[in-house]
Amino acid sequence: MANSSGLNRTGVLSRVTVAAITAALVGTTTAAVAADAPQPTRTASAVQKAAPKASTLAADSASTASTVADGELRGVDGYGYMYAYLPNGTGGFTDRQYVGSGWKYTNQLTMADQNGDGETDGAWDVTGGTLSYTAWGQDGVSLGGGWGIYNKVVSTGNLGGAAAPDVLARDTAGNLYLYLGYGTGKLASRVKVGSSWNVFNQITGKGDMNGDGKDDVIARDTSGYLWLYPGTGNYLKPFGNRVKAGSGWNGMTAFVSPGDVNFDGIPDVVARDSSGVLWLYPGSGIASPALGPRTKIGTGWNTYRLLFS
């Protein structure tokens with residue numbers, strides 16, 4: 001069991017207004033190749049929060065960044081049980097909450113805030129090669145088969161410039177595709193946005209990390225370097241020139257950006273080392289260094305087969 005200190009959840013999160021790119025949302029199919037086998041029953045619920053957020057703030061209308069995610073982190077253990085953690089207000093997480101089961105054979109999971117209120121509404125998963133979306137407390141909906149061609153599927157916020165969160169998917173050849181979201185869990189047809197992304201073994205992001213008003217992506221390469229890919233808000237070319245954001249990250253077995261964990265309005269990163277220790281790397285608000293000095297916030301996190309946000 002992963003340990004974290006437990007305090008009630010409070011804090012102020014930002015809300016933004018964004019320009020919709022309805023013309024980009026030209027398809028509803030997310031099938032990558034063909035339909036796969038039937039999926040097992042999976043359940044997932046929303047986290048029970050101790051208190052609502054105090055308020056939300058509107059950002060500049062020119063911003064295309066998502067609302068800063070509320071810092072929720074989830075894990076799936078070897079039995080397929082799902083647990084959720086909320087920020088505790090001091091840079092760590094509350095005690096875990098059991099939120100679902102049936103995820104033993106899932107190999108990709110990523111959450112999303114579909115309505116822009118700063119709280120997650122559901123998750124996309126890839127199980128048996130099929131992509132599904134599960135709104136909290138509801139049955140999952142299959143969105144298409146053939147997703148076994150992807151070895152990384154992650155929602156990194158709003159990369160395409162419209163209001164809804166999007167999905168990045170990387171295939172085994174290293175090609176990177178962007179699926180624009182409708183805000184309902186459904187996705188538009190894919191657009192190829194990169195190649196040679198197989199040099200990265202971790203890809204994450206949940207908001208604007210460099211302070212320019214657009215959602216960004218951070219990735220770790222096989223040499224242990226971190227790279228920040230600044231968002232452009234253009235779904236055809238969603239990233240600007242990358243910036244080296246850190247080094248020495250090969251000791252981490254997983255890292256995830258759950259959003260704003262320490263309530264300073266900037267997305268943070270949490271990373272698990274090989275001993276199961278969880279570390280908080282606070283976002284700096286600039287491209288380099290993108291992250292501040294780390295703080296130990298938990299132990300025993302090797303209990304989780306998947307960590308996701």
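In what follows, residues are counted from 1 in the order of the sequence shown. When reading the values below, keep in mind they use all heavy atoms of this one structure, side chains included, and skip hydrogens, waters and symmetry mates.
- In terms of heavy-atom proximity, Leu109 sits nearest to Leu306 at CD1-CD1, 4.1 Å.
- Take Asp171 and apply the side-chain hydrogen bond (donor to acceptor under 3.5 Å, both in side chains) test, not counting sequence neighbours, and it matches Asn175.
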Output a table of donor-acceptor pairs, distance under 3.5 Å, between side-chain atoms of residues 160-168 and any protein atom two or more places apart or on a different chain; print 'none' if there are none.
from   : atom 1 : to     : atom 2 : distance (Å)
Asp166 : OD1    : Gly181 : N      : 2.9
Asp166 : OD2    : Leu159 : N      : 2.9
Asp166 : OD2    : Gly160 : N      : 2.8

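- Checked by atom type and distance alone, the side chain of Ser66 never pairs as donor or acceptor with a backbone atom of Gly207 at under 3.5 Å.
- With Asp216 contributing its side chain and Asp208 its backbone, the two residues share no donor-acceptor pair below 3.5 Å.
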Apply side chain to side chain contact (heavy atoms under 4.5 Å, CB included) to Phe93 and Asn88, showing your working.
-> CA-CA 5 Å; Phe93 290 102; Asn88 61 17; 5.6 Å; no

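- Pro267 approaches Met209 most closely through the heavy-atom pair O-CE, 4.0 Å.
- Between the CG atom of Asp70 and the OG1 atom of Thr120 there is a distance of 6.0 Å, given to the nearest 0.5 Å.
- Put simply, the side chain of Thr67 gets close to the backbone of Gly116: a donor and an acceptor are under 3.5 Å apart.
- Looking at every heavy atom in both residues, Met111 comes nearest to Ser155 through O-CB, 3.6 Å.
- Sorted by first and then second residue, the side chain to side chain donor-acceptor pair (under 3.5 Å) pairs with a member in residues 194-206 read Asn201-Arg220; sequence neighbours excluded.
- Heavy-atom minimum distance, Thr299 versus Lys296: CG2-CE, 3.6 Å.
- A pairwise comparison of heavy atoms in Asn210 and Pro230 identifies ND2-CB, 3.6 Å as the closest pair.
- Between the side chain of Asp268 and the main chain of Gly283, a donor-acceptor pair closer than 3.5 Å is present.
- Using a 30° and 60° split on the angle between ring planes, Tyr85 and Trp301 fall in the tilted class, from 30° to 60°.
- Evaluation of the ring-ring contact (aromatic ring centres under 6.0 Å, His included) rule for Tyr133 yields Trp124 as partners, not counting sequence neighbours.
- Judged as a ring-ring contact (aromatic ring centres under 6.0 Å, His included), and not counting sequence neighbours, the contacts of Tyr83 are Tyr98.
- Hydrophobic clustering (side-chain heavy atoms under 4.5 Å, transitive across Ile, Leu, Val, Met, Phe, Trp, Tyr) keeps Leu226 apart from Ile203.
- Arg305 pairs by the side-chain hydrogen bond (donor to acceptor under 3.5 Å, both in side chains) definition with nothing, not counting sequence neighbours.
- Side-chain contact between Val141 and Thr134: absent, with no pair of heavy atoms (C-beta onward) separated by less than 4.5 Å.
- For the pair Arg170 (side chain) and Phe200 (backbone), a donor-acceptor distance under 3.5 Å is present.
- Partners of Asp273 under the side chain to side chain contact (heavy atoms under 4.5 Å, CB included) rule, at least two apart in sequence or in another chain, are Met252, Ser275, Val277, Trp279.
- The line from OG1 of Thr295 to CG of Asn262 is 9.0 Å long, rounded to the nearest 0.5 Å.
- For Ser288, the side chain to side chain contact (heavy atoms under 4.5 Å, CB included) test picks out Val243, with sequence neighbours left out.
- In this structure, the side chains of Thr156 and Tyr229 stay at 4.5 Å or more apart for every pair of heavy atoms.
- Under a hydrophobic clustering in which Ile, Leu, Val, Met, Phe, Trp and Tyr are joined whenever their side-chain heavy atoms come within less than 4.5 Å, directly or via other members, Leu176 and Leu236 fall into the same cluster.
- The line from OG1 of Thr110 to NZ of Lys152 is 8.0 Å long, rounded to the nearest 0.5 Å.
- Phe255 is not connected to Leu280 by any chain of hydrophobic side-chain contacts under 4.5 Å among Ile, Leu, Val, Met, Phe, Trp and Tyr, and they are in different clusters.
- Contact check for Glu72 versus Pro258: no side-chain heavy atoms found under the 4.5 Å cut-off.
- At a threshold of 4.5 Å between non-hydrogen side-chain atoms, the residues Gln114 and Thr184 do not count as touching.
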Verdict with supporting geometry, Val261 and Ile297, side chain to side chain contact (heavy atoms under 4.5 Å, CB included) | CA-CA 11 Å; Val261 176; Ile297 58 173; 5.5 Å; no

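- A distance-only check finds no donor-acceptor pair linking the side chain of Asp77 to the backbone of Thr303 [under 3.5 Å].
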Between Glu119 and Trp136, is a side chain to side chain contact (heavy atoms under 4.5 Å, CB included) present by the stated rule, with each step listed?
-> CA-CA 11 Å; Glu119 299 179 3; Trp136 299 149; over 6 Å; no

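- Residue Ile286 is found outside any hydrophobic cluster, as its side-chain heavy atoms come under 4.5 Å of no other Ile, Leu, Val, Met, Phe, Trp or Tyr.
- Checked by atom type and distance alone, the side chain of Thr232 never pairs as donor or acceptor with a backbone atom of Gly240 at under 3.5 Å.
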Test side chain to side chain donor-acceptor pair (under 3.5 Å) on Thr127 and Asp125 and set out the steps.
-> CA-CA 6 Å; Thr127 305; Asp125 75 273; 2.6 Å; yes

Could you go step by step and tell me if Tyr281 and Arg294 meet the side chain to side chain donor-acceptor pair (under 3.5 Å) rule?
-> CA-CA 5 Å; Tyr281 289 81; Arg294 71 181 187 178; 3.3 Å; yes

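- Looking only at distances, no side-chain donor or acceptor of Arg74 sits under 3.5 Å from a matching main-chain atom of Val99.
- Looking at residues two or more places apart in sequence or on another chain, you find no ring-ring contact (aromatic ring centres under 6.0 Å, His included) involving Trp103.
- Closest heavy-atom contact between Val153 and Ala169: CG2-CB, 4.3 Å.
- Contact check for Val126 versus Tyr150: no side-chain heavy atoms found under the 4.5 Å cut-off.
- For the pair Trp147 and Gln108, the minimum side-chain heavy-atom distance is 4.5 Å or more.
- Note that the CG atom of Asn241 and the CG atom of Leu228 stand 11.5 Å from one another [nearest 0.5 Å].
- For Lys244, the side chain to side chain contact (heavy atoms under 4.5 Å, CB included) test picks out Tyr225, Trp227, with sequence neighbours left out.
- Taking Trp249 as the reference, nothing meets the side-chain hydrogen bond (donor to acceptor under 3.5 Å, both in side chains) condition, with sequence neighbours excluded.
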Val154/Val217 under side chain to side chain contact (heavy atoms under 4.5 Å, CB included): CA gap, chis, key distance, verdict | CA-CA 10 Å; Val154 60; Val217 164; over 6 Å; no

